[in-house]
Amino acid sequence: MKTAIITGAARGIGLATTDILLAAGWQVAMIDWDSAALADAVNARKNVHGIDCDVSNPAAVDGMIAETLRHFGRIDGLVNNAGIADFGPIEDTDFARWKRVMETNLDGVFLCVQAATPALRQSKGAIVNIGSISGLRASTLRVAYGTSKAAVIQLSLQQAVELGEHGIRVNTVCPGPVRTKLAMAVHTQDIIDAYHDAIPLNRYGTEAEIGEVIAFLLSDKASYVTGQTIASDGGFEATGVGLPSLRQ
């Protein structure tokens, strides 16, 4: 049975991806730093193993990989999904706030891939790093978040080029606006309407829709796909400056 590690697995895209992989016959090491939420998610599922881990801590990441191997014996896939969605004006983003975002969103991806590579070499496994539409196109209030996700995209390319000779594939999935509980709690109706006007499919995505793309890239069906950045965004990246009133 193939084994995947999913960081940020207690909720949202990470949890949806966990369920999709479980349905496909995988076993999953669910990683999160929210111990209570992780315990709830793990207790409701079979063929999973929960591990508390702060992915910005090198020692904790090494321990997480070792525990996954101890429990499951192998690693075939790694989904670097853990991240901090921090939004605010540039002048309000002090260096401590900037570092906090980078440590989780960027350093965490570097550390997890570094630690998992020996096991992934053995399995000729696959890595999916989660970027964001904010790493592909600039927007307001995202100086740290958007920059961290743009860096993840470049880091993924570096990893794909170097690790390909070992049979390890690395791709990036960049979600667009997704209908998560958090987004729906903070997005006003004006924001929702604006997104619907700007997205060619005229709607938010779902966590499961993002998870299906991740699961495909981990699977043997994507055996010749590496070094790619896939925006699962309803066409949001494809749009330029437009006038919603001209749309039919």
Side-chain angles (χ1 to χ4, degrees), residues 1-34 37-38 40-51 53 55 68 72 75-85 104-105 108-109 112-113 116 120 125-136 149 152-153 156 169-185 195 199 201 203-223 225-226 228-237:
M1 187 180 292
K2 286 189 174 184
T3 299
I5 292 174
I6 301 179
T7 69
R11 58 175 59 81
I13 292 169
L15 186 58
T17 305
T18 296
D19 288 336
I20 290 166
L21 290 180
L22 291 174
W26 290 62
Q27 51 196 7
V28 179
M30 300 178 68
I31 316 302
D32 211 287
W33 63 8
D34 187 335
L38 180 61
D40 288 344
V42 168
N43 290 336
R45 289 163 176 80
K46 296 179 181 179
N47 296 323
V48 300
H49 183 52
I51 305 173
C53 180
V55 298
T68 300
F72 287 127
I75 300 170
D76 301 272
L78 170 63
V79 180
N80 284 305
N81 172 67
I84 296 175
T104 297
N105 293 8
V109 175
C112 287
V113 170
L120 290 168
I127 298 165
V128 178
N129 296 326
I130 307 305
S132 170
I133 191 67
S134 295
L136 292 169
K149 292 300 188 177
V152 165
I153 293 168
S156 300
R169 298 182 297 104
V170 187
N171 294 288
T172 308
V173 172
C174 291
V178 177
R179 184 173 284 277
T180 63
K181 290 182 180 178
L182 177 61
M184 291 304 98
Y195 271 132
I199 297 169
L201 291 185
R203 64 176 178 86
Y204 285 70
T206 68
E207 295 158 346
E209 286 178 310
I210 310 302
E212 292 286 2
V213 178
I214 297 167
F216 165 72
L217 290 171
L218 289 179
S219 76
D220 293 338
K221 294 178 181 179
S223 58
V225 181
T226 194
Q228 301 305 303
T229 303
I230 299 178
S232 184
D233 66 349
F236 190 34
E237 190 202 359

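These values consider heavy atoms only, across backbone and side chains, with no hydrogens, waters or symmetry-generated copies.
- The nearest pair of heavy atoms linking Thr17 to Gly211 is OG1-CA, 3.4 Å.
- Among pairs with a residue in residues 14-28, those fulfilling salt bridge (charged side-chain N to carboxylate O under 4.0 Å, His left out) read Asp19-Arg45, at least two apart in sequence or across chains.
- Listed by chain and residue number, Thr7, Val55 satisfy the side chain to side chain contact (heavy atoms under 4.5 Å, CB included) test with Ala82 (two or more places apart in sequence, or in another chain).
- At least one donor-acceptor pair under 3.5 Å links the side chain of Arg169 to the backbone N or O of Ala222.
- Looking only at side-chain heavy atoms (C-beta outward), Asp233 and Ile199 stay at 4.5 Å or farther from each other.
- Of the residues Val48, Leu218, Asn47, the one that meets the side-chain contact (heavy atoms from CB on, under 4.5 Å) test with Leu21 is Leu218.
- Of the residues Asn81, Leu78, Val152, Thr104, the one that meets the side-chain contact (heavy atoms from CB on, under 4.5 Å) test with Val109 is Val152.
- Across all non-hydrogen atoms, the minimal contact from Cys174 to Ile153 is SG-CD1, 3.8 Å.
- Among all heavy-atom pairs drawn from Leu120 and Gly77, the shortest one is CD2-N, 4.0 Å.
- Under the 4.5 Å side-chain criterion, counting only non-hydrogen atoms from C-beta, Val113 is in contact with Asn129.
- Put simply, CD1 on Ile31 and SG on Cys53 are 6.5 Å apart, with the number rounded to the nearest 0.5 Å.
- A pairwise comparison of heavy atoms in Val173 and Pro175 identifies O-CD, 3.3 Å as the closest pair.
- With values rounded to the nearest 0.5 angstrom, Ile133 atom CD1 is found 5.0 Å from Glu237 atom CD.
- Looking at Asp34, its side chain does come within 3.5 Å of a backbone N or O of Ala37 through a donor-acceptor pair.
- For the pair Ile20/Glu212, a side-chain contact is recorded, criterion being any heavy-atom separation below 4.5 Å from C-beta on.
- Taking the side chain as every heavy atom from C-beta outward, Ile5 and Val79 never approach each other to under 4.5 Å.
- Side chain of Asp76 to main chain of Thr3: a donor-acceptor pair is present (N/O by atom type, distance under 3.5 Å, no hydrogens or angles).
- Under a 3.5 Å cut-off, the side chain of Asp32 and the backbone N or O of Ala9 do form a donor-acceptor pair.
- Taking the side chain to side chain contact (heavy atoms under 4.5 Å, CB included) definition, one finds that Ser134 meets it with Ser132, Arg142, Tyr145, sequence neighbours left out.
- Side-chain contact between Ile230 and Thr172 is absent, with no heavy-atom pair separated by less than 4.5 Å.
- For the atom pair CH2 of Trp26 and OG of Ser219, the computed distance is 8.0 Å after rounding to the nearest 0.5 Å.
- Using a 4.5 Å cut-off on side-chain heavy atoms (C-beta onward), Leu38 and Met30 make contact.
- Checking side-chain atoms of Lys149 against main-chain N and O of Ile130 turns up a donor-acceptor pair under 3.5 Å.
- Inter-residue side-chain proximity for Thr229 and Asn171 is flagged as unmet; no heavy-atom pair is nearer than 4.5 Å.
- Of all heavy-atom pairs between Gly83 and Asn105, the closest is CA-OD1, 3.1 Å.
- Here the closest heavy-atom approach between residue Ala29 and residue Phe72 is recorded as N-CE1, 3.8 Å.
- Classification of Glu209 and Arg179 as a salt-bridged pair fails, no side-chain N sitting under 4.0 Å from a carboxylate O.
- Atoms CD and CD1, on Glu207 and Ile214 in that order, are 10.5 Å from each other to the nearest 0.5 Å.
- Once rounded to the nearest 0.5 Å, the distance linking CD1 of Ile13 with CD1 of Ile210 reads 5.5 Å.
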